[in-house]
Amino acid sequence: MELIKIKRILTGIVFIMIISSLWISENTNDAFAFDKEYSGRVIDADTKEPIEGAIIVFAWYKEKATIAGPSQSLHDVKEALTDKDGRWRIEGPKGNCRDLLPGLLQLMGIACIEEQPEIIIFKPGYCAWKNGFVLKACQKMKYSESDNGEGTFELPKLTNKEDRLRNVGIGTINDGKEVEKKQKEFIRLLSEEMVNLGLKPLSILKELENEK
């Protein structure tokens, strides 16, 4: 009887491994993840008017289980500009780390996509959205969802040069030349604000513009 139970368990493990292996991309060792559409609005925190031309950057990270513990690395980056209504749309992977067994991932050397992408929102003269609110002037930033599920980011304006100088320190996602190419609009806006503040533009900007 015990032997039968063991055989069933082993059969189940093999079945799971076979199914999981079908989810692996031919060109990478990432676990397969379905794409989804992310969308929302960006508005002025005080006037509630839409902010046109703000850049939205999404960065997805992948996690790989190792003997030493989880190892994280960048998976992909995409950007989009808000339209006249402050709306934006980005298509990217839907995280699947919760759907896969960590032990199995470690055994097969598969990486999964984390559920929550990193979000950066930037518009010259406004508080930048990125992992918390460093500036006191930016504490009014907030995110809310309407009844229909539309997410809205509210950005306060920055009224003094000191805050704007600290704000441009947000920086781009630095992970090599190919990743910088995926942030052209972000780099352009960041450089525009730096010039407005009497600083030199980002050196990479000219190089990226020459590649058009």
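Using a 4.5 Å cut-off between side-chain heavy atoms of Ile, Leu, Val, Met, Phe, Trp and Tyr, with links allowed through other members, V168 and V195 fall into different hydrophobic clusters.
Side-chain contact check for P50 versus K84: every heavy-atom pair is 4.5 Å or farther apart. Residues M194 and L202 are in side-chain contact: their nearest non-hydrogen atoms beyond the backbone lie under 4.5 Å apart. Within the 4.5 Å cutoff, side-chain heavy atoms of E118 are placed close to those of I120. Between E49 and I43 there is no side-chain heavy-atom pair separated by less than 4.5 Å. When side chains are defined from C-beta on, R164 counts as touching E193, because their heavy atoms get closer than 4.5 Å. With contacts defined as side-chain heavy-atom distances shorter than 4.5 Å, the pair E192/L189 qualifies. Side-chain contact between I119 and F58 is present, with heavy atoms from C-beta onward closer than 4.5 Å. K161 is listed as a side-chain neighbour of L197, based on a closest heavy-atom distance under 4.5 Å.
Between K140 and D46 there is a salt bridge, with a side-chain nitrogen of the basic residue lying less than 4.0 Å from a carboxylate oxygen of the acidic one. Ionic pairing of D76 and K62 is not present here: no N-O contact between side-chain nitrogen and carboxylate oxygen is shorter than 4.0 angstrom. One finds no salt bridge joining K177 and E180 here, because no Lys/Arg side-chain nitrogen approaches an Asp/Glu carboxylate oxygen to under 4.0 Å.
Other residues, nucleotides and ligands place no more than 12 heavy atoms under 6.0 Å from the NZ atom of K157. Atom CD of E150 has more than 12 heavy atoms from other residues, nucleotides or ligands within 6.0 Å. Applying the 6.0 Å contact sphere to NZ of K200 captures no more than 12 heavy atoms from other residues, nucleotides or ligands.
Distance check, rounded to the nearest 0.5 Å: CG of L165 to CG of N160 gives 9.0 Å. Atoms CG and CG, from D44 and L155 in turn, are 8.0 Å apart once rounded to the nearest 0.5 Å. With values rounded to the nearest 0.5 angstrom, E79 atom CD is found 7.0 Å from Q183 atom CD. Atom-to-atom distance recorded for Y61:OH and Q72:CD is 6.5 Å, nearest 0.5 angstrom. One distance of note links CD1 of I51 with OH of Y126; it measures 4.5 Å at 0.5 Å rounding. Between the CG atom of L158 and the NZ atom of K123 there is a distance of 13.5 Å, given to the nearest 0.5 Å.
Of the residues listed (V57, I56, I55, T172), the one engaging F122 in a side-chain contact (heavy atoms from CB on, under 4.5 Å) is I55, and it is the only one.
Between the side chain of T82 and the main chain of V42, no donor-acceptor pair closer than 3.5 Å is present. Checking side-chain atoms of D83 against main-chain N and O of D85 turns up a donor-acceptor pair under 3.5 Å.
For E91 and Y38, the side-chain atoms include no donor-acceptor pair closer than 3.5 Å.
For the pair K184 and F186, the cation-pi criterion (under 6.0 Å, within 45° of the ring axis) is not fulfilled.
Note on ring orientation: taking the six-membered ring where Trp is involved, the planes of Y143 and F153 are tilted (angle from 30° to 60°).
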